[in-house]
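Everything below concerns the one structure shown next.
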Amino acid sequence: DLKAAAAWYRRAAECGNADGQFNYGFACLRGLGVQQDFRAAGVWFWRAADQGHLEAQVNIGLLYRDGTGLKRDDRKALVWFAKAAEQKHTMAQFFIGQMYEQGSGIPQDDERALRWYEKSAAQENLRAIHALGTLYYRGKGVAKDYAKAEALYRRAAEKGYPAAQNNLGMLYVRGEGVPQDHARASEWFAKAAKQGLPDAAYNLALLHEYGRGVELSHRRAVELCKQAALHGHIGAAGWLLKNGYTAWVENLKQAPREAE
């Protein structure tokens, strides 16, 4: 009973219990048993975070970073992420790396981003492993190294991270860090596409269009481009338009307005 659980969390929160404050804040954030209220979530996360609650520190950081229920403030977000990162919270470490890579509220610094991703990746955070691979692939904050990028992408891909599976597939398409192999590329694209990654569905569609490493199949290419376009992939929508599926794409464009 979500309402009953929320009521108990609220009672514990009002008594100053940090776990209760965090759990009630999370209920407010997601609308679980109570009306969704981002501002209230921020209040309760802050109270729990101020008592040293690790997950609350990360969540209050996210609210400041995204401007959800609180005025966006990247510096405050960084302060809270840092408190959690000091306690080796892997996602806090990753978020700090992201902020340095993007220059969000702090000077852009690829070398610092690399160090924070390394800390998070050491705890097998798949997002951090993938991000680290991309820094090596692009030569940001470190010398460009396709072999190192391949090893990192594979490490995350083999554990099911779809973006890494797609990027590993692209390495096989281009022959970067590995021998060119369209059949292996298709296998990794298929794994990522099965998890709903539109980039991978589109990349697999292009292999089917030209019969590279897979069966030459216009029908399969259309199916995959439609799958990607349904998830907002511009390239896939463009491919469909170029191949005569104008009515389908136009209906897709109208669908969100009709839903409203």
Side-chain angles (χ1 to χ4, degrees), residues 30-31 62 66 68 91 94-95 98 101-102 121 124-138 146 149-260:
R30 297 294 177 87
L62 289 172
D66 299 336
T68 304
M91 284 309 301
F94 170 75
F95 291 139
Q98 262 192 334
E101 183 180 8
Q102 297 167 2
E124 291 304 304
N125 183 314
L126 299 185
R127 292 179 68 181
I129 294 168
H130 174 257
L132 196 55
T134 299
L135 290 185
Y136 275 99
Y137 179 80
R138 295 176 178 170
Y146 290 147
E150 184 272 336
L152 288 160
Y153 284 153
R154 186 178 299 278
R155 180 173 154 195
E158 289 178 345
K159 292 188 176 181
Y161 192 64
Q165 293 170 336
N166 179 67
N167 283 345
L168 183 56
M170 289 305 302
L171 293 183
Y172 276 112
V173 167
R174 295 167 177 157
E176 295 172 333
V178 291
Q180 188 177 54
D181 190 328
H182 289 98
R184 286 194 176 183
S186 72
E187 292 171 3
W188 287 110
F189 290 152
K191 290 177 186 290
K194 189 174 182 180
Q195 294 191 68
L197 189 71
D199 283 344
Y202 178 63
N203 289 332
L204 186 56
L206 296 182
L207 294 184
H208 277 288
E209 180 184 19
Y210 297 105
R212 293 173 178 165
V214 291
E215 175 191 8
L216 176 67
S217 174
H218 182 77
R219 177 190 60 79
R220 184 62 178 140
V222 171
E223 290 175 352
L224 287 161
C225 277
K226 286 182 175 180
Q227 176 184 329
L230 283 168
H231 289 87
H233 196 285
I234 301 300
W239 187 95
L240 290 165
L241 288 170
K242 183 180 71 174
N243 284 274
Y245 293 88
T246 303
W248 189 91
V249 174
E250 289 302 319
N251 286 335
L252 179 63
K253 289 178 181 177
Q254 295 297 324
R257 287 194 289 271
E258 290 172 1
E260 288 173 0

Quiz item: So do Y137 and L152 actually touch side chain to side chain, heavy atoms under 4.5 Å?
Solution: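 They are not in side-chain contact.
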
Quiz item: Do Y146 and V178 touch side chain to side chain, with heavy atoms closer than 4.5 Å?
Solution: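 No; the side chains remain at least 4.5 Å from each other.
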
Minimum heavy-atom distance [X]-[Y], with the two atoms named:
{"X": "L230", "Y": "L252", "result": "CD2-CD1, 3.5 Å"}
{"X": "A156", "Y": "A164", "result": "CB-CB, 3.6 Å"}
{"X": "G169", "Y": "A185", "result": "O-CB, 3.3 Å"}
{"X": "S186", "Y": "G213", "result": "OG-O, 4.0 Å"}
{"X": "A229", "Y": "A236", "result": "N-CB, 3.8 Å"}

Atom pair [atom1] ([X]) and [atom2] ([Y]), whose distance is rounded to the nearest 0.5 Å:
{"X": "L204", "Y": "L197", "atom1": "CG", "atom2": "CG", "result": "11.5 Å"}
{"X": "F95", "Y": "N125", "atom1": "CZ", "atom2": "CG", "result": "8.5 Å"}
{"X": "L241", "Y": "W248", "atom1": "CG", "atom2": "CH2", "result": "10.0 Å"}
{"X": "W239", "Y": "K226", "atom1": "CH2", "atom2": "NZ", "result": "9.5 Å"}

Just to verify, what does [X] make a side chain to side chain contact (heavy atoms under 4.5 Å, CB included) with, not counting sequence neighbours?
{"X": "Q227", "answer": "A193, A201, L224"}
{"X": "R212", "answer": "H182, L207, Y210"}
{"X": "I234", "answer": "none"}
{"X": "S217", "answer": "H208, E215, R219, R220"}

Do [X] side-chain atoms and [Y] backbone N/O form a donor-acceptor pair below 3.5 Å?
{"X": "E176", "Y": "L171", "answer": "no"}
{"X": "Q180", "Y": "V173", "answer": "yes"}
{"X": "E101", "Y": "L135", "answer": "no"}
{"X": "N166", "Y": "P162", "answer": "no"}

Quiz item: Is there any salt bridge (Lys or Arg N to Asp or Glu O under 4.0 Å) pair reaching into residues 183-208, and which pairs are they, with sequence neighbours excluded?
Solution: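 Listed by first then second residue: D181-R184.
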
Only counting residues at least two apart or in another chain, list the ones meeting ring-ring contact (aromatic ring centres under 6.0 Å, His included) with [X].
{"X": "H233", "result": "Y202"}
{"X": "Y245", "result": "none"}
{"X": "Y153", "result": "H130"}
{"X": "Y136", "result": "none"}

Quiz item: Does atom NE2 of H231 have more than 12 heavy-atom neighbours, drawn from other residues, nucleotides or ligands, at distances under 6.0 Å?
Solution: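 Atom NE2 in H231 is not packed in, count stays at 12 or less.
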
Restricting to salt bridge (charged side-chain N to carboxylate O under 4.0 Å, His left out), what partner residues turn up for [X], sequence neighbours left out?
{"X": "E124", "result": "R155, K159"}
{"X": "R30", "result": "none"}
{"X": "E209", "result": "none"}

Exercise. Determine, step by step, whether N243 and V222 satisfy the side-chain contact (heavy atoms from CB on, under 4.5 Å) criterion, reporting the C-alpha distance in whole Å, the side-chain angles of both residues, the deciding distance to 0.1 Å, and the verdict.
Key: CA-CA 9 Å; N243 284 274; V222 171; 5.9 Å; no

